[in-house]
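So that the names make sense, note that chain A is the first sequence line, chain B the second, and so on, each numbered from 1.
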Amino acid sequence: MLTRTAWLGRLAPALLGLLVVAGWEALVRFNDIPSYVLPGPLAVAETLWREGPGLLAALLVTLRVTLAALLVAALTGVLLAALMAQSAWIERSLMPYAVFLQVTPIVAIAPLIIIYVEQPFLALLACAWIVAFFPLVANTAAGLRSADRGLQDLFRLYGAGRLQRLRLLLWPSALPHFLAGLRISGGLALIGAVVAEFVAGTGGSETGIAFRILEAGYRLQVPKMFAGLVLLAITGIGIYGALAWFSRLLLRRWHESALPPRS
Amino acid sequence: MNVFDGPLGRPTPASGLTVRGLTLRFRAEILFQDLSFDLPPGRFTCLLGPSGVGKTSLLRALAGLMPVRDAEIRCDDTGSPAGRIAWMDQRDQLLPWLNARDNVTLGSRLRGEPADGERARMLLAEVGLAGQAETQPAALSGGMRQRVALARTLYEDRPIVLLDEPFAAVDAPTRHRLQRLAARLLAGRTVLLVTHDPLEALILGHEVHVLSGRPARIAATLRPDGLPPRSAASPALAAMQAELLDRLANADSEGLP
């Protein structure tokens, strides 16, 4: 059972949200702001309801790109980090290029990728992958390096081979770091997919949510832009929540970050 | 009962260890110069020295985890000690993502052998953790974790066992129980225990070497009367403990008033 303070703690963010939304609605109503300048939350909700099916279909397209990019980023990130863990030289040779990918703004690279990669889905995936990739590599590489020295000694003493060391010591030690990277990259992959859609324009036959927002902007359908934004925000929060849950599920029995608090 | 009659140990033939002319450096500092000593087979030998004297480096060198030049480190049959050494540390060094039983059988998995679950179960029962085989280390107390580590050390069934202050991180009553448990379960093996606790050395050691100086050398060797584990209540032991504390304090007093 939750105590009164705990209930208040849970209610506080919801109350604040309600307050802001009510203030927003009041601002729009009292000042007679036209909906193509700033729609009130009720107008946005009404648009969301009316346009819901179409927007959700578009969201699904974007979500597919996001999740595929996240999956590919996780696989390539872990592979590259494992390669880096094999020798300091490999790490030193590869890391600058990973950083290079990370610091170059995706809006600047996306047009090139869209020119070079003909298949629209793959082009969008590549853009989202570039953004999501670095936190996974950097975190996993740091995790692989962080295995306890005493345990490394023990593994050598008891005759562990390279593969056993990687599988039974380095990888579990890196898992919490990898999962932290995954939580960051989940949101970034969504941002990458959205940015790529903005740059790509119509791209293919299917259009994602970002393109719908852009389109609504051209037509001055501002409430629809807001509705799309709301959907995107909910999706981002959903991705983060799902990854946080997944992380807790994997770590709950042993890692400090997921253990129940000491009584 | 002789422990070797039970399922806990195949009769591993005890082997002593001979160390001659060992020189160890840590960065620019010489920790040990031309150090020589013997570990008699089947006995507890204690190395007693203040913290920072280089005891852990010494154990790592003996275990082959650290390169040594020119030194002679060999077993009685003149073979290399590689593969004959088990290790227990003051930190339990359990893998937090494995349960107690899988931690005990870790060595098997590392060598790609099938794990001997039955043996692990008996060893856990022997250290008083029969019901905790499935428990993760995070749910065990410090003393329990150290007992799992002891069971893992025994699971390896190696003739030579190196103990690096194995009971330094637990409270005094737990330490007392663990010392007796270790003395019983490790009997018959060649054990080297490094510690900074004179009482622990006197309770457990057939022989106690006192390290001091820099580079450290063996300043004195004590052979207390009677067989370990000795009772801490004996007046002779108390007197020796006082003497050893004085000696350690003097060796450690550089720069102190």
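Here the closest heavy-atom approach between residue A/R167 and residue A/P172 is recorded as O-CD, 3.2 Å.
Proximity to chain A (any heavy atom under 4.5 Å) is shown, for B/A86, by both the backbone and the side chain. Both the backbone and the side chain of B/R109 come within less than 4.5 Å of a heavy atom in chain A. Proximity to chain B is absent for every atom of A/L163, based on heavy atoms less than 4.5 angstrom apart. Looking at B/L106, only its side chain comes within 4.5 Å of chain A, counting heavy atoms on both sides. For chain B, the nearby parts of A/D153 are the backbone and the side chain; heavy atoms of each come within less than 4.5 Å.
Relative orientation of the A/W254 and B/W97 rings is perpendicular, given thresholds of 30° and 60° on the angle between their planes.
Between B/D102 and B/R152 no salt bridge is recorded (no basic side-chain N to carboxylate O distance below 4.0 Å). Salt-bridge formation is not detected for the pair B/D171/B/R177: no Lys NZ or Arg NE/NH1/NH2 atom is positioned less than 4.0 Å from an Asp or Glu carboxylate oxygen.
Cation-pi contact between A/R92 and A/W89: present, with separation from the ring centre below 6.0 Å and deviation from the ring axis of at most 45°.
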